[in-house]
Chemist: 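Handing you a structure now.
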Amino acid sequence: MGEIDPAFIQATDQRPKLNPTNPVADEIPIIDLSVLSSPDETRKVVSEIGHACKSWGFFQVINHGVPLELARKIEEVAKTFFELPAEEKKKVKRDMVNALGYHDGENTKNVRDWKEVFDFLVEDETLVPASPEPDDKELRKLTNQWPQYPPEFREVCQEYARAVEKLAYKLLGLIALGLDQPENRFNDYFRDQQTSMIRFNHYPPCPFPHLALGVGRHKDAGALTVLAQDDVGGLEVKRKSDGEWIPVTPTPNAYIINVGDIVQVWSNDKYESVEHRVVVNSEKERFSVPFFFFPAHHVMVKPLEELLSDENPAKYREYNWGKFYATRNRSDFKKQEVENIQIHHFRLPE
Ligand SMILES: O=C(O)CCC(=O)C(=O)O
Ligand SMILES: [Fe+2]
């Protein structure tokens with residue numbers, strides 16, 4: 001079995017309980033979107049989603065409109081890509097210049113994740129700040145790197161991106177309705193120059209599942225995440241009521257949705273971006289595909305004025321999404337000595 005590289009070892013209090021003595025019932029709500037054509041049913045779905053966002057920050061959706069055939073194809077191209085020899089994958093490796101493509105050395109909270117990933121942008125050319133420095137107004141264009149194999153890779157990725165983007169807008173609308181806002185309240189932040197990204201995660205079997213994590217605990221920084229997972233399991237969500245780590249049992253053909261930091265700020269903490277992590281196992285590899293719904297770089301994120309009052313004053317000062325993203329990317333890329341940028345850094349004193 002050999003020795004584990006110490007870079008992967010989680011601090012004692014972060015290590016997973018692999019065989020919990022009291023297995024927890026899966027409580028994360030499953031919401032059926034097939035009924036959205038009827039106004040009464042839509043109201044019900046809006047309220048179910050609102051509840052799920054408040055109590056869990058997570059829910060699953062079924063009958064979501066993403067063609068099953070496309071979901072199957074995306075899993076297949078992702079698997080085929082990760083099976084390529086390392087030298088082939090390294091041809092599209094991310095580097096200091098291009099942050100997109102393949103890599104296997106990511107740190108979450110300064111511990112290395114047991115995974116390899118491939119990242120691509122939903123818009124093939126995406127503008128982002130050139131640096132995290134607040135006074136540097138320069139922008140740069142990010143572009144995708146596409147592997148040559150499998151040959152259908154790019155086309156399948158782009159078709160999948162459009163289908164999941166549609167679902168992401170639908171969900172964003174339902175969340176807006178749940179906050180008593182018009183359904184299209186948030187759309188303009190994305191319509192032009194969204195910075196959304198799709199990631200293929202591959203978690204190889206790990207001989208040290210009690211010491212390492214596939215992804216360390218974190219919150220997603222964007223507005224929403226729309227995640228496909230296979231049938232292996234490993235995602236765990238921190239339950240708000242007691243801080244226990246609750247596994248999200250795979251549901252066939254479902255997407256897992258979680259609200260990110262941006263929705264937390266827009267909703268002024270009504271909905272919270274909840275911590276989650278991925279546990280690995282010694283036998284099976286696992287694949288997952290998150291779609292990170294990110295607004296345009298120029299969007300200033302702040303609590304919605306419409307929700308604020310004397311009783312509900314703003315809990316955050318506004319921040320620029322592009323600079324947040326640039327700062328976060330810098331610190332995920334290299335191991336750093338300090339905590340990387342987090343949403344609580346923008347919290348106003350009570
Ligand atoms: O693989 C998963 O289930 C979740 C991955 C995740 O949380 C992420 O990539 O942000
Ligand atoms: Fe995540």
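Being a predicted model, the structure only gives us computed values, none of them experimental. We count ligands from 1, going down the list as the structure has it; atoms in each ligand are counted the same way. For this chain, numbers begin at 1 and follow the sequence in order.
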Chemist: Could you point out which residue of Arg217, Lys219, Lys240 forms a salt bridge (charged side-chain N to carboxylate O under 4.0 Å, His left out) with Glu275?
Modeler: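 Exactly one pass, corresponding to Arg217.
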Chemist: Keeping to distances under 2.8 Å, can you name the protein N/O/S atoms close to the Fe ion (ligand 2)?
Modeler: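 Atoms qualifying: His218 NE2, Asp220 OD1, His276 NE2.
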Chemist: Does the plane of the ring in Phe190 sit parallel, tilted or perpendicular to the ring in Trp266? Use 30° and 60° as the thresholds.
Modeler: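 Answer is perpendicular, since the angle exceeds 60°.
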Chemist: Would you confirm whether Glu244, through its side chain, and Lys238, through its main-chain N or O, come within 3.5 Å as a donor-acceptor pair?
Modeler: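 The answer is no, because no donor-acceptor pair under 3.5 Å joins these two groups.
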Chemist: Any carboxylate oxygen within less than 4.0 angstrom of a Lys/Arg side-chain nitrogen, looking at Glu88 and Lys91?
Modeler: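 Yes, Glu88 and Lys91 are salt-bridged.
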Chemist: Taking the six-membered ring for Trp, are Trp146 and Phe120 closer than 6.0 Å centroid to centroid?
Modeler: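 Yes.
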Chemist: Distance under 4.0 Å, heavy atoms only, partner ligand 1: which residues pass?
Modeler: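 Residues within 4.0 Å of ligand 1: Asn201, Tyr203, His218, Asp220, Leu227, Leu235, His276, Val278, Arg286, Ser288, Pro290, Phe292.
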Chemist: Measure from NZ or CZ of Arg277 to the centre of the six-membered ring of Trp245 and say whether it is under 6.0 Å with the direction within 45° of the ring axis.
Modeler: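 Yes; both conditions hold, so Arg277 lies above the ring face of Trp245.
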Chemist: Between Glu69 and Arg72, is there a salt bridge with N-O shorter than 4.0 Å?
Modeler: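 So Arg72 pairs with Glu69 through a salt bridge.
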Chemist: Please confirm whether Phe346 and Tyr319 have ring centers closer than 6.0 angstrom.
Modeler: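 Aromatic pair counts; centres sit under 6.0 Å.
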Chemist: Under 6.0 Å between ring centres: does that hold for His297 and Tyr325?
Modeler: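 Between His297 and Tyr325, the centre distance exceeds or equals 6.0 Å.
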